[in-house]
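Residue numbers begin at 1 in each chain, while the letters A, B, ... track the order of the sequences. The figures here come from the full heavy-atom set of this structure, side chains too, leaving out hydrogens, waters and symmetry mates.
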Amino acid sequence: MKKAKPTEKKIPKSKNKDFKITEEQYLQLYYYMRLTREFEESILKLYRQGKIVGGAYTGNGNEATAIGSAFALEKQDYLFPMHRDMGAHLVKGQSLRNLMLQHLGRGNSLSKGRDGTGHYADPALRIYGNISHLGAMIPMAAGVALASKLRKENAVALTYIGDGGSNVGDVHESLAMASVMKLPMILIIENNQFAYSTPVSKQKAMEKYSDRAMGYGIPGFTIDGTDLELVYKICKAAVERARAGEGPTLIESVTMRMHGHSAHDGAEYVPKTLLVEWKKKDPVMRIEKLLMDKKILTTKIKEECEKRVFAELEDATQFAVDSPYPPAEDAAVGVYAD
Amino acid sequence: MKKAKPTEKKIPKSKNKDFKITEEQYLQLYYYMRLTREFEESILKLYRQGKIVGGAYTGNGNEATAIGSAFALEKQDYLFPMHRDMGAHLVKGQSLRNLMLQHLGRGNSLSKGRDGTGHYADPALRIYGNISHLGAMIPMAAGVALASKLRKENAVALTYIGDGGSNVGDVHESLAMASVMKLPMILIIENNQFAYSTPVSKQKAMEKYSDRAMGYGIPGFTIDGTDLELVYKICKAAVERARAGEGPTLIESVTMRMHGHSAHDGAEYVPKTLLVEWKKKDPVMRIEKLLMDKKILTTKIKEECEKRVFAELEDATQFAVDSPYPPAEDAAVGVYAD
Amino acid sequence: MANITYIEAISKGLWEEMERDSSVFLLGEDIGPFGGAFKVTKGFLQHFGEDRVVDTVLAETAILGAATGAAVVGMRPVAEMQFADFVTTGFSQLVNNSASVHYRWHIPCPMVVRLPSGAGIHGGPFHSRNPEAWFFHQPGFKIVAPSTPYDAKGLIKAAIRDNNPVLYLEHKRLYRHIKGEVPETDYIVEIGKGDVKRIGNDISIITYGSMVHMALEAADVLQNENGVSIEVVDLRSLMPLDTELIYESVRKTGKVLIAHEDNITGGIGGEISALISDHCFQYLDAPVKRIGAIDTPTPYSPTLEEFFLPNTKKMVVALQELAAF
Amino acid sequence: MANITYIEAISKGLWEEMERDSSVFLLGEDIGPFGGAFKVTKGFLQHFGEDRVVDTVLAETAILGAATGAAVVGMRPVAEMQFADFVTTGFSQLVNNSASVHYRWHIPCPMVVRLPSGAGIHGGPFHSRNPEAWFFHQPGFKIVAPSTPYDAKGLIKAAIRDNNPVLYLEHKRLYRHIKGEVPETDYIVEIGKGDVKRIGNDISIITYGSMVHMALEAADVLQNENGVSIEVVDLRSLMPLDTELIYESVRKTGKVLIAHEDNITGGIGGEISALISDHCFQYLDAPVKRIGAIDTPTPYSPTLEEFFLPNTKKMVVALQELAAF
Ligand SMILES: Cc1ncc(C[n+]2csc(CCOP(=O)(O)OP(=O)(O)O)c2C)c(N)n1
Ligand SMILES: Cc1ncc(C[n+]2csc(CCOP(=O)(O)OP(=O)(O)O)c2C)c(N)n1
Ligand SMILES: [Mg+2]
Ligand SMILES: [Mg+2]
């Protein structure tokens with residue numbers, strides 16, 4: 001039995017040694033980062049206008065984690081995103097229109113208005129959204145990883161949980177199952193310092209969440225979740241490992257929830273200094289600066305990107321706002337499949 | 001934050017340096033070891049005679065773990081034993097008669113015949129028996145530890161789980177809660193190589209169960225569970241730590257389930273060589289030999305002990321067999337407390 | 001007397017019981033400095049301190065199990081589920097441990113689980129649960145579901161003083177929507193006692209929680225538009241049920257509409273209907289009718305949710321049909 | 001045709017479906033080399049291999065969640081709970097995920113959960129559960145409960161072919177107790193269709209599972225001792241209910257006894273009674289009666305358990321009272 005090291009901060013050596021990010025990929029990533037940030041700003045605006053049906057959860061601060069991780073997946077891989085992972089939906093191919101329709105609860109949304117926000121599934125893209133119960137998707141992700149293994153699909157299941165949600169029993173049972181069966185599953189613990197109002201110091205007594213990996217005999221990493229490249233590379237290695245049949249990986253991605261828990265929450269309980277500190281590591285700014293420094297991003301490209309983002313958002317918002325709610329009687333159908 | 005070491009095999013240094021076992025205590029321990037072994041043999045005999053109401057679970061191989069751990073408790077401490085911990089009940093003060101009555105489902109049993117085996121509570125002795133659902137007692141033990149902390153009772157809650165049962169979500173949630181709140185709780189994982197028919201290699205992918213301690217920032221130990229002295233001393237240290245307000249400890253006690261899962265199970269799936277190997281470490285033999293070597297136990301004392309054990313068992317068995325089942329209509333009362 | 005909201009009444013009841021009995025303590029997620037997702041426990045931490053207002057890790061099994069353990073050794077924990085929906089995550093603790101402690105161990109288990117329940121706030125499938133039927137079927141629980149500030153305060157106080165696990169359903173839509181007169185002196189509403197919220201002669205509505213208000217509105221409509229006199233029986237306690245009060249009303253009116261917001265099939269309305277049929281057979285002038293949510297998860301979109309839920313209009317239609325029978 | 005036991009019928013049905021469809025696989029605790037606690041899957045591992053007979057860690061949430069996940073991506077998992085009681089440990093997965101997948105996602109969730117259920121074997125409070133009522137109340141499940149080897153095989157096959165989460169209640173007391181003729185050719189018992197196990201004119205017993213056999217015995221007694229003709233309706237499917245079959249029988253007899261082994265209060269008998277009252281009101285010659293376990297946990301001692309459970313004798317008394325009404 002291989003002895004898991006408590007935490008490895010370095011990127012594990014790849015067998016392909018092929019984690020280099022091309023210029024084109026950098027620009028793609030930049031686009032997704034901007035798009036995600038602006039999409040969520042739009043959601044907040046729509047919320048303030050009373051157009052969102054229920055609550056609105058955003059992932060400001062979490063973009064690099066969501067995007068970097070999903071970018072490590074291939075088409076055949078399965079994504080089980082959480083409520084702060086809008087960027088992962090986008091990277092996996094989801095359209096802005098569909099995401100907007102979900103938030104506005106429209107009849108032509110993927111869930112046909114039966115559920116909101118990221119709570120939908122899109123089998124063609126292999127995206128399976130969360131339910132509200134924290135941790136409840138992870139056993140399902142393990143099951144999908146099991147199906148992939150049994151069918152020799154060579155597909156990996158990537159899923160997420162928060163620092164608070166990681167304490168739910170479902171997480172433990174899934175990791176126990178996945179580790180014993182060497183299932184191709186990756187779990188990212190998004191430690192964004194808070195679970196609703198509760199600081200992470202009241203959710204854990206150990207140093208870092210990746211300390212839990214050893215308890216399952218799997219590799220564990222704790223990384224700076226605002227560093228897009230790092231997230232991508234660690235996840236790519238984990239995907240490779242999973243695909244090779246070596247089993248799951250646990251990754252703690254350390255970030256900050258820069259907004260309230262949901263749009264209605266002013267988050268007065270968050271020390272202002274913490275926000276100031278983390279603002280310096282804003283993941284969108286970080287990647288922008290990096291690409292500027294690398295001369296991959298120019299002012300011109302940036303402006304084009306912005307234009308594209310705003311145009312797409314404009315289109316999606318208008319499309320969603322113009323779409324009707326589902327007909328009322330529709331509520332009664334579809335409990336059972338035929 | 002103190003960094004938990006993955007596993008510490010040595011007994012942690014006591015503040016009292018007072019873990020010495022007196023001769024009298026040694027003989028007490030020996031008595032409990034013999035009593036437990038013989039009690040469970042009696043249960044198996046009664047089972048074969050069709051006198052046990054339901055299933056019969058025994059802890060042959062686990063005596064040192066059950067007895068050594070419970071011996072580390074004081075009167076004010078709380079015991080939440082599992083199905084292989086008959087010895088712990090006895091050490092904590094439970095009478096043979098009561099245990100026999102439980103197994104025979106009699107009306108004058110502590111549960112008044114509503115539940116069997118170790119499934120009873122005895123508040124005076126601070127024993128709270130398990131339910132069948134594996135892991136389900138641990139959140140309750142955490143709650144009792146919390147009550148102890150809130151009331152400044154200075155009492156510790158000791159509980160157990162199997163190698164299989166340790167995968168149930170309840171275990172994780174309880175450890176998360178207990179570690180964050182620094183509750184005076186001790187969890188012993190009784191790794192007896194099998195969970196029913198399933199070998200431990202199919203229950204875990206890590207090296208040892210104590211590797212999970214680090215994931216909660218608490219001390220973890222993996223010890224030879226057939227070594228009565230070692231079990232006692234580790235547990236004593238854990239109790240001391242808990243009482244000092246330093247929080248929970250996780251102890252993996254490695255043993256072997258020398259009988260079937262329950263009395264009806266022939267355990268054909270257990271490799272004979274494994275039984276032969278572990279037979280050499282029979283915990284009752286081990287303590288007997290140790291005490292003989294130490295000249296604490298003499299043939300005469302041994303014979304007296306046996307006489308006492310058999311007489312007590314005779315009494316308890318007869319008492320229980322002679323006791324009536326509860327009156328049928330009794331089933332309808334007592335769902336609610338007044 | 002003070003004119004306060006439903007949610008203020010719950011807070012006040014909790015507060016008074018904590019003042020009265022030092023073995024009462026609260027535990028749950030975000031209930032401390034934050035005062036809870038709905039602010040029921042706002043200010044409690046400051047007043048009662050960390051040993052009485054215990055913020056927990058995010059883990060319902062641990063919360064409910066810990067509450068059970070603490071109760072068994074003589075504390076009086078009040079556990080908050082952030083939404084009633086999340087009680088499913090700790091289901092085993094409640095139905096296996098809490099409910100059976102007294103029957104199997106002969107020890108009281110004086111705990112309260114607060115369950116912010118109910119739909120109508122566009123919460124979607126996972127923030128809209130009415131969880132009562134599951135626990136109604138498990139021997140060992142008491143279940144209460146107040147509809148007014150008066151009952152909310154009286155029942156939370158009774159629940160805390162009860163020696164059994166009590167599930168306290170507080171309807172989220174009533175929180176700030178309903179106001180009422182509440183005594184500032186100590187009182188309780190006895191668990192197991194319903195309340196006739198409107199006296200009538202022609203049809204009985206048997207209901208509880210948020211539906212009481214719709215029933216009263218529907219009764220007005222029936223009176224004004226159809227001259228039909230409706231009696232509204234507010235159960236307040238779902239377990240034990242005040243069967244005498246139900247039967248008395250049915251024997252008088254001979255016609256019954258049972259109304260709950262929960263899904264109809266397998267809801268507690270079925271049991272109530274069965275009890276009425278069994279015990280009031282010769283008094284019934286019409287079939288016992290039920291109204292509730294349709295048998296689907298709670299949908300998210302406003303159009304769907306409206307179709308899904310019972311409401312005053314639908315009750316009026318059902319009552320008119322009954323009246324015409 | 002072969003004369004086999006109830007448990008053999010389940011095994012055979014499973015085996016045939018696994019032969020027929022390679023997307024069917026089994027998962028659960030001790031189901032591999034050991035063949036399961038009750039030996040339903042004995043020999044399966046050897047024949048179908050490790051990818052079709054998956055021994056899991058001891059963790060019901062993981063088992064039920066993994067089954068749901070695998071089903072959603074097109075497999076047909078059959079999950080075994082070692083005892084039905086332990087489904088409570090994975091309750092959230094079933095009621096939140098499995099049940100709502102199709103309604104919310106529009107994707108089929110073709111999974112089966114095998115639930116060795118029922119009391120009468122001195123299993124005590126935690127090895128005797130009849131878990132149907134909880135899931136009956138959650139929209140999204142189908143629930144079946146065979147009483148004979150024929151139905152057991154036909155229903156496990158139908159359950160596996162169904163595109164929804166199906167809870168398959170197999171009564172432990174019937175496993176080796178009941179034998180019957182079972183075709184060796186392929187057949188299914190359609191989910192949602194009940195079966196009249198005995199035709200009669202005076203009283204209908206509506207029942208399922210182990211109680212069917214008691215009902216048949218009680219019917220004999222009534223016929224022989226009282227000259228009363230009893231119809232025994234075996235529901236077989238609890239969800240969806242074959243309401244037409246129920247109503248037809250009630251319209252004929254005018255008197256009904258609903259019988260289930262589960263606790264009475266909040267059991268599915270309440271719903272059935274309510275449906276009958278609502279839809280057969282003018283045909284009823286007596287109150288709809290129910291018989292079931294009393295409202296306590298399942299006690300351990302034989303004397304208590306006997307008092308707790310319904311049985312043939314108690315049914316006879318209830319039927320005689322109905323006959324005399
Ligand atoms: C099982 C469960 N319990 C409680 C909640 C209520 N709730 C929703 S989000 C949240 C905080 C989540 O914190 P964390 O897991 O850290 O994720 P974050 O929102 O910070 O990304 C809580 C308590 C829930 N959704 N599910
Ligand atoms: C939650 C739960 N699932 C399944 C079972 C059925 N069961 C009873 S004991 C057992 C094996 C337990 O193995 P382990 O935890 O290693 O304890 P041991 O019996 O070996 O001491 C199983 C599967 C149970 N009691 N509880
Ligand atoms: Mg967080
Ligand atoms: Mg074991």
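Using a 4.5 Å cut-off on side-chain heavy atoms (C-beta onward), A/Tyr216 and B/Lys204 make no contact.
Contact annotation for residues 155-167 of chain A against chain B (heavy-atom separation below 4.5 Å, listed by residue number): A/Ser166, A/Asn167. Listed in order of number, the residues of residues 194-202 of chain A that approach chain B to under 4.5 Å between heavy atoms are A/Ser201, A/Lys202.
The ring pair (Phe, Tyr, Trp, His ring centres under 6.0 Å) check on B/His259 picks up nothing, with sequence neighbours excluded. Qualifying side chain to side chain contact (heavy atoms under 4.5 Å, CB included) partners for A/Lys182, counting only residues two or more places apart in sequence or in other chains: none.
Counting heavy-atom pairs closer than 4.5 Å to chain A, the top-ranked of the candidates B/Leu175, B/Val171, B/Val180, B/Asp170 is B/Val180. Heavy-atom pairs under 4.5 Å with chain A were tallied for B/Gly135, B/Ala176, B/Gly215; the largest tally goes to B/Gly215.
Of all non-hydrogen atoms in B/Ala205 and A/Ser179, the two that sit nearest each other are CB-O, 3.5 Å.
No donor-acceptor distance shorter than 3.5 angstrom exists from the side chain of A/Glu173 to the backbone of B/Val168, with no hydrogens or angles considered.
With rounding to the nearest 0.5 angstrom, the CE atom of B/Met214 is 12.0 Å from the CZ atom of A/Arg212.
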